[in-house]
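Note sheet for the following structure.
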Amino acid sequence: MHEHLSFPILSAIVFLPIIGALLVTLLSDRRPEWVKLCAILFSVGTGALSLWVLASFKSSSADFQFVSQHDWIKAWGISWHLGVDGISLFLVVLTGVLFPLVILGIDPHHDQKRYFAWLLLLEAGVMGSFLSLDLVLFFLFFEIVLVPMYFLIGGWGYDKRVYAATKFFLFTMFGSAFMLVGIVATAALARHDVGYLTFDLVTLAEHASFATNTGRWLFFSFAIAFAVKVPLFPFHTWLPDAHTQAPTGGSVILAGVMLKLGTYGFLRFGLYLFPEAAVWARPLFLTLATIGIVYGAIAATMQTDLKRLVAYSSVAHLGFIVLGIFAMTSQAITGSVAQMINHGVSTGALFLLVGMIYERRHTREIAQLRGIQKVAPIFAAAFTVVMLSSIGVPGLNGFVGEFLVLIGSFQTARWWTIIATTGVILAALYLLWAYQRVFHGEPDEDNSTFAELKLREGMVLMVFIGIIGFTGLYPKPMLERIEPSVDKLIEHVVSHSDFMPPAEIMPPAEMELEK
Amino acid sequence: MMQILAIDPLLTGELLWTPLLIVLLKVVVVFVVGLLATMLMVWFERKVIAGMQNRIGPNKAGPFGILQTLADGIKLFFKEDLIPERSDRFVFKLAPYLAFVPAFLTFAIIPLGGDFRGGNDGLVTWFGHQTRVQLADPPIGILFALAISSIAIYGIMLAGWSSGSKYPLLGSVRASAQMVSYEAALGLSVAAVVLVTGTLSTSGIVARQSTLGNWNVIVTGIIPFFIFMVAATAELNRPPFDLVEAEQELVGGFNTEYASLRFALFYLAEFMNTVTMSALIVTLFFGGPQPISVGSTTIDIPIIGNALEGTVWLLLKVLVFLYIYVWFRATLPRFRYDQLMNLGWKVLIPASLGWFILLAAQRVGQSAGWDRYVVTIATALVLLVSYSLLMLAQRTSTNERKRDGVMF
Amino acid sequence: MNLAVIEPTTSWYLVLAAVLFGIGTVGVMVRRNPLVMFMCIELMLNAVNLSFVALSASLSDINGQTAVFFVLVVAAAEVVVGLGIIVSIMRRRSDATADDLSVLKG
Amino acid sequence: MNALFAENLVGPSISWMGISPLLVLLGGVCVLLLLGSIAPRWPKGSYCVFTVAVSLATAVAAMLQWRDVTKNGPKMLIADAVALDHFALLATIAIAISIALVSLITDDYLRREDYDGPEVYALYLTAAIGGVVMASSNDLIVLFLGLETLSLSLYLLAASHRKRAESQEAGLKYFVLGGFSSAFFLYGIALTYGSTGSTNLSKIASALSGDSPFSQIDAMLLVGIGLMLVGLAFKVSAVPFHVWTPDVYEGAPSPVTAFMASAGKIASFAALLRVLVVAFPTRIDDWRPAIWVLAVLTLLAGSILAVVQTNVKRMLAFSSISHAGFLLVGVEAAGHVGDKDALAAVLTYLLLYAVLVIGSFAVVTVVAGKGDSHTTLDDFRGLGKRRPAMALALTVFLLAQAGMPATSGFIAKFGVIKAAAEVQSYSIAIIAMLAAVIAAFLYLRIMVSVWLADSTDDTKLAIPTGAGIAITLAAIFTIVVGVYPGWLLDATRMVSNLATIAIQAVDPATQTPAG
Amino acid sequence: MELFVFVCAAAMVLVGAIGVITRNNPVHAALSLVLTLFGIAVLFVANNAHFLAAVQVIVYAGAIVVLFLFVIMLLGVDRAEDLSTEPLTAQRPLALVVGIGVAGVIIAAIVKSQDALLVRGTGINSATLEDADANIRQLSRSIFSDYVFAFEVTSVLLLIAVVGTVVMSRRQRGQHVEESA
């Protein structure tokens with residue numbers, strides 16, 4: 001039915017960056033401009049492809065589109081199965097947009113060639129993870145992103161980079177250890193129901209049914225991996241380190257898309273494959289999410305390092321997303337998906353800005369920064385917009401997701417939601433306070449030479465701010481593409497478990513009134 | 001345990017007194033014969049060498065000096081027993097026995113007589129009991145001999161080591177290296193005999209050499225006999241292979257530090273071994289107690305009964321070899337050590353192995369019905385190629401050594 | 001007179017072999033001289049040989065004896081190789097024991 | 001004419017084609033030694049070329065047999081002493097590949113260490129003979145002889161660097177402990193023989209199956225199995241029988257270490273599987289727990305001890321212990337009704353690991369320099385700058401050993417985990433994956449040294465041709481199999497259920513009636 | 001009679017074995033080993049394995065232990081090993097525990113299954129008056145039929161031994177034997 005089927009656009013999205021990475025590696029070190037050009041071309045190309053997907057996406061359909069399915073490892077029932085639906089669509093687009101921006105906006109200080117190669121490889125991995133509809137394929141990409149990220153942090157990060165990179169790598173690997181066993185066990189157990197060994201997500205989800213206990217164990221094996229990746233509360237300790245030590249580009253990508261691998265995984269695999277177990281585990285995850293929100297917010301308040309602050313804010317924001325996911329109402333999950341995108345954009349932009357501050361001042365200590373607003377007003381303005389988006393001020397994109405999550409969750413997870421709401425307030429507190437300390441006041445000697453936003457930086461930021469503004473003001477196109485898939489997912493959950501969604505789903509407008 | 005004894009027809013039935021006495025008698029006889037033979041051998045050797053060197057030799061004690069050995073023995077017996085201070089006392093005392101005992105043990109499996117004529121298997125009837133004129137006839141007789149000869153090394157080795165002195169040590173190391181080296185060739189030539197006779201039992205081997213044409217020396221094509229002879233000489237540390245005792249280099253060899261009775265034991269063992277080895281050669285290659293017979297005619301010694309006649313034949317044959325050994329000693333110059341080793345490793349072992357393969361090929365060809373000449377020629381070709389390869393490799397390594405300027 | 005009636009059964013031999021094996025095991029662990037350790041391994045192999053022969057007799061099956069034959073060959077080859085290594089080590093240092101082999105710790 | 005030949009001995013028919021790989025190897029040894037002694041000065045590198053040719057010929061012979069077996073089914077040769085089946089042939093091919101690669105490294109190594117002569121290559125080939133015999137034996141005595149053939153060669157190889165005290169001591173240590181373990185193994189054979197009346201694996205199996213009266217002497221049999229396990233556990237260096245591994249791996253010449261870790265492991269594991277799966281399928285409940293415990297100990301101890309090492313060779317030694325643990329997981333799974341997938345998985349793992357470890361040690365060999373002395377972590381510092389391509393290859397090997405997807409290591413681990421999951425040994429699968437995470441830290445440490453630390457020595461390392469070829473081939477193989485493993489898996493899937501074949505192969509006529 | 005033989009041989013075996021592990025001097029240990037080997041050979045004979053008994057003596061006593069002695073003498077390592085000081089304090093008790101444990105487990109298993117040892121197989125022909133070589137013939141048949149492959153493999157084993165000695169003892173070109181303390 002898709003005329004695009006003739007062109008495997010999703011495969012192209014995955015392979016293009018890989019080819020780019022190889023090409024970059026092969027290019028000579030002596031011509032850095034060629035290297036950069038190549039990297040830009042390939043990332044922009046990938047971005048363009050993702051936008052093309054966005055453009056030709058059938059918004060009313062809840063099914064997977066642009067599906068590309070081939071046998072890969074036939075002996076084990078593993079296939080090259082890519083597809084995109086409302087849940088993954090915007091993540092793919094986000095990835096496609098973010099990478100060229102990072103490549104354009106931030107220059108590495110050394111070893112440009114390797115930096116770009118890793119970055120492109122990372123893009124391929126992230127894209128692959130979002131697109132995979134085969135468990136093993138997903139695992140493959142999910143794991144493979146570690147390597148470029150490890151080298152990015154370890155090679156181009158700050159002073160404690162090796163420690164941070166190693167911690168990041170091991171934590172994530174620890175999670176995926178369980179997931180791999182879970183994946184294999186799922187397929188092995190489902191073999192009976194399906195009739196043959198397959199790792200195909202859709203087949204498994206539709207045909208397999210697990211005994212209650214088995215399903216719960218399996219769910220947990222997946223959940224650990226995703227919880228580490230998100231990161232949920234007790235597994236979050238790698239995140240501040242990784243963020244702080246990562247180079248700016250790495251942080252942007254890490255916050256922008258990589259953390260979403262966890263939340264996306266919960267939706268795509270946790271809920272879809274093991275609805276019963278997911279429903280059963282709701283209280284736990286809601287609690288963890290809430291703890292994450294509050295804890296992240298409080299921890300952020302106490303940070304003295306600007307980047308660490310933003311990192312902790314990520315913990316809090318992702319708590320919202322998880323909250324939404326496990327609330328399991330249409331709005332909440334839609335909100336979560338939207339929030340994934342919004343968080344990616346706004347936090348990405350925040351890290352970009354913090355990176356710029358570091359570039360100029362070679363410090364991220366809040367205490368050492370002061371009065372930048374005076375010296376660099378445009379910069380401060382940009383920072384304000386992004387920050388407000390991150391806080392979730394209505395009219396900006398952050399609001400849409402967070403609000404939907406809260407509304408949706410309130411119906412099924414009332415008390416958690418109430419506690420979580422304090423996180424919103426705290427977010428305002430720590431961000432505004434930080435803003436005040438950094439940008440207000442009289443610049444001292446060091447800060448008085450703070451350079452204003454450069455043109456190239458401005459252009460990059462413009463894209464972010466554009467998205468922030470557009471989504472904040474006009475979220476409908478986004479939501480209407482997300483919603484069908486989410487509804488279908490919830491339907492699936494409901495039909496496979498004893499979970500009852502709130503009887504009547506009220507349109508957002510009415511709910512607003514109620515509030 | 002029972003089975004091995006049951007081979008001896010004496011012990012097949014219930015255990016009675018008569019057979020037991022017969023066995024005891026045999027033990028005593030073998031021991032005495034052994035000792036006696038040794039004493040005579042010592043005298044014999046001295047006498048013969050003296051004759052060859054135009055001397056008179058021992059002539060004081062007894063008629064023709066025949067009691068000279070006894071006199072020497074008594075003298076040694078009464079000498080002071082010395083134990084060097086730096087020696088390992090226990091081993092020092094043990095070593096002579098380790099040398100002496102094996103020399104006697106081999107005698108146990110040599111058929112000393114018996115009636116092998118006309119297809120008889122050597123059984124004789126004593127006191128109403130069938131038995132062999134042989135102390136024991138285990139089914140693995142010849143292996144027993146090999147085993148004992150391999151053990152004989154210990155005495156020499158430990159004697160040299162335990163003396164706590166350099167020269168004996170060097171002597172004993174030389175001796176044992178020599179014995180180990182030549183044992184391979186010895187074993188391979190025995191294997192040739194076993195191949196053609198198809199049994200390991202010594203009486204069986206003797207029984208299959210009924211006529212002169214059937215003597216293993218001929219059946220195996222003489223080469224194994226020569227190899228055995230040479231290897232046995234080396235094994236005995238007798239001239240021209242008596243490097244152990246090379247006086248010029250090693251004072252007196254492994255037994256330098258020994259005196260009195262202990263020395264006598266070594267001395268005794270050495271001559272005992274010569275006698276045993278000769279008897280073994282006779283058993284393996286020359287029909288043992290079988291009389292000489294060509295076709296259907298047998299040289300019969302009149303008067304003596306058939307059973308005893310075997311013993312006489314054996315003694316006569318052994319005497320021939322004893323004489324040969326003495327002859328060697330009187331005429332051949334001593335080898336150099338590297339010549340000795342070269343001879344052992346590069347000539348005797350390849351030759352005996354090649355000959356063994358040739359015999360085996362013949363054997364297989366015979367049972368498979370192949371043309372005998374073709375088999376021979378083909379095997380010979382293979383052996384030739386192998387040998388030339390060996391030579392080539394040797395030449396190469398010699399060149400290499402020369403170039404590198406090292407000895408090995 | 002009574003003693004003459006007692007016939008050692010297979011398990012006697014097997015137990016003897018087990019004890020011998022145990023002694024060998026202790027020896028390998030206790031002794032420090034590689035040569036002696038090596039002798040202890042020979043003890044262990046002999047215990048195995050004894051077991052094989054006894055079992056062969058009790059099963060009335062010749063293959064056990066054949067196995068011993070192969071063990072003997074292996075033992076011989078092992079000794080050659082082992083002594084080769086020991087000799088080439090001790091040529092450097094004449095009084096090495098297992099403890100002196102400490103270039104590699106652990 | 002006389003008694004010995006009166007009754008003609010009718011020997012078993014010998015299928016020369018069936019053992020053609022062995023014959024090729026044996027012929028290779030003979031020719032090598034012969035020509036080596038006749039013409040001692042061969043042109044540079046020709047020993048190596050010859051050995052590679054022999055090993056490739058072996059592989060080809062094995063492949064021809066493979067085709068034959070595929071067509072005509074597996075069979076037992078030479079009085080049921082040798083099994084000709086896919087299992088044996090696959091192991092043969094893997095061993096042949098190992099020798100070929102190792103020979104490539106050895107060439108330059110020997111020249112660097114001023115050592116010439118064909119002995120080392122001859123020992124490789126004899127070791128290979130031992131390995132092939134082990135993998136294809138269907139008789140405990142044959143297996144033992146194969147084991148000794150392999151071990152003796154390895155002792156000598158380990159001690160072959162005569163100017164290096166470590167090498168000689170490694171040889172001695174290996175020898176003493178190896179002899180010790182052989183004695184255990186042999187005693188196990190003796191007791192097994194005593195309780196089943198045969199040393200033939202198939203006959204043991206049939207003696208133990210069904211209504212045989214041998215169940216009464218279970219105690220002896222169990223001790224026999226236990227002792228054999230101890231012996232084999234030494235050989236595969238399973239904890240707590242691993243004590244020799246680090247020292248020997250460190251002390252032995254690097255190419256030899258590669259050989260031990262590849263061909264040695266292949267053979268030992270093949271033998272372990274043969275013994276357990278063919279001979280004792282009826283005693284699974286007895287030996288599976290033992291393997292389980294061994295596997296867990298090996299995994300954990302191997303990984304944890306590896307972390308504290310500072311010498312790369314030692315690290316790789318411990319990592320090989322940890323890999324042995326993984327393989328034991330597969331063995332444990334294979335215990336379950338002789339699962340043929342598990343057998344295939346273990347063999348595949350062995351093959352892939354062999355290539356990986358040879359690649360790694362090839363790099364180590366090059367880095368170690370003359371005297372084989374520069375093998376500490378510090379010596380690897382800055383390798384990424386000095387030799388980026390080789391460093392990249394090393395990274396690929398290390399990542400693959402860590403089980404990173406898109407490398408062969410992932411395929412290997414996945415297969416084993418899948419096998420474990422299919423027989424529901426989840427706990428051990430999870431432990432294995434966690435051990436892999438711990439071990440990953442080790443690989444990361446090496447990678448940190450290679451890429452992220454500054455070099456102390458900026459001289460360009462020379463990469464010799466042979467090692468270069470070996471590293472390149474291994475790296476390509478690692479990636480290709482990681483990305484496109486289908487062909488390999490299809491091939492290995494033909495490895496059939498050993499136990500059933502073995503029992504079928506026993507001619508009922510030759511079976512002595514039980515009791 | 002058999003009992004007598006067994007007891008004597010067992011005593012030889014055990015005394016020898018204990019000698020091996022307790023005698024300080026390697027030469028004495030080797031001699032103790034010889035004692036054990038002879039004991040084993042006697043027990044072989046008691047179990048109808050004459051051929052093996054002979055081979056045992058030839059190979060073990062005649063070759064292996066002689067080689068040991070050779071090495072000991074050639075290298076001059078006959079210095080008595082001081083067993084009174086133990087570098088690793090725990091090692092000796094540990095070794096004892098392990099050794100006794102191993103032996104104990106095996107003995108327990110043997111005792112437990114001693115009554116069940118079954119007669120199986122073709123029987124062992126023992127030497128008789130008519131056919132003294134029965135045992136040997138049977139053995140050879142076993143080697144050259146059932147175990148012919150194993151027999152062939154031993155050739156490789158011996159080849160390795162030869163190559164091994166060459167590798168270990170050949171002087172390398174330009175090698176200077178380092179003198180070390």
Side-chain angles (χ1 to χ4, degrees), chain D residues 3-4 9-12 14 19 26 29-30 33 77-82 114-117 119-120 122-123 126 129-130 133 139 141-142 145-146 148-149 152-153 155-156 159-160 162-163 184 187 191 194-195 197-198 200 207 213-214 216-224 226-227 512 514-515, chain E residues 102-123 130-134 136-138 140-178 180:
Chain D
L4 195 74
L9 172 88
V10 182
I14 291 170
I19 54 170
L26 188 58
V29 179
C30 292
L33 284 175
L77 311 174
I78 314 177
D80 290 348
V82 184
D114 289 333
Y115 186 90
D116 62 338
E119 290 90 355
V120 170
L123 287 173
T126 51
I129 292 175
V133 169
D139 188 291
I141 295 294
V142 174
L145 289 172
E148 282 298 317
T149 311
L152 287 184
S153 312
Y155 305 149
L156 287 166
S160 65
R162 306 215 347 257
K163 290 178 208 159
F184 276 93
Y187 205 176
L191 292 181
S195 44
S198 178
N200 189 294
F214 286 98
Q216 297 164 44
I217 34 185
D218 239 12
M220 200 152 113
L221 177 68
L222 287 186
V223 173
L227 288 173
T512 43
Chain E
V102 168
V105 168
I106 297 169
I107 291 171
I110 291 165
V111 170
K112 191 153 177 281
S113 45
Q114 62 175 339
D115 300 327
L117 282 174
L118 295 171
V119 176
R120 197 180 147 77
T122 49
E130 288 74 38
D131 187 0
D133 299 319
I136 296 158
R137 186 160 318 119
Q138 204 181 8
S140 62
R141 181 147 303 144
S142 168
I143 290 175
F144 291 108
S145 62
D146 279 359
Y147 290 100
V148 66
F149 185 71
F151 184 77
E152 298 301 334
V153 174
T154 54
S155 64
V156 183
L157 211 53
L158 296 175
L159 179 70
I160 293 172
V162 174
V163 177
T165 41
V166 172
V167 170
M168 284 293 109
S169 59
R170 198 177 79 154
R171 197 162 300 213
Q172 289 172 16
R173 219 179 330 147
Q175 182 195 17
H176 306 287
V177 179
E178 303 116 277
S180 54

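Order of the sequence lines sets the chain letters (A, B, ...), proteins ahead of strands, with each chain counted from 1.
- D/L145 touches chain E through backbone and side chain together, each having a heavy atom under 4.5 Å away.
- For E/A109 against D/A219, the heavy-atom pair with the smallest separation is CB-O, 3.6 Å.
- Neither the backbone nor the side chain of D/V120 comes within contact range of chain E; no heavy atom of the residue lies under 4.5 Å from a heavy atom of that chain.
- Between chain E and the options D/L191, D/L26, D/L123, the largest number of non-hydrogen pairs under 4.5 Å is found for D/L123.
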Only distances under 3.5 Å count here; give the side-chain donor-acceptor pairs of residues 148-168 of chain E to other protein atoms, sequence neighbours excluded, each with its distance to 0.1 Å.
| from | atom 1 | to | atom 2 | distance (Å) |
| --- | --- | --- | --- | --- |
| E/T154 | OG1 | E/F151 | O | 2.3 |
| E/S155 | OG | E/E152 | O | 2.4 |
| E/T165 | OG1 | E/A161 | O | 3.2 |
| E/T165 | OG1 | E/V162 | O | 2.6 |

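- A distance of 8.0 Å separates CG in D/N200 from CG in E/D146, rounded to the nearest 0.5 Å.
- Residues passing the ring-ring contact (aromatic ring centres under 6.0 Å, His included) test with D/Y187, sequence neighbours excluded: C/F21.
- Screening E/I110, E/V105, E/I107 for a side-chain contact (heavy atoms from CB on, under 4.5 Å) involving D/V223 leaves a single residue, E/V105.
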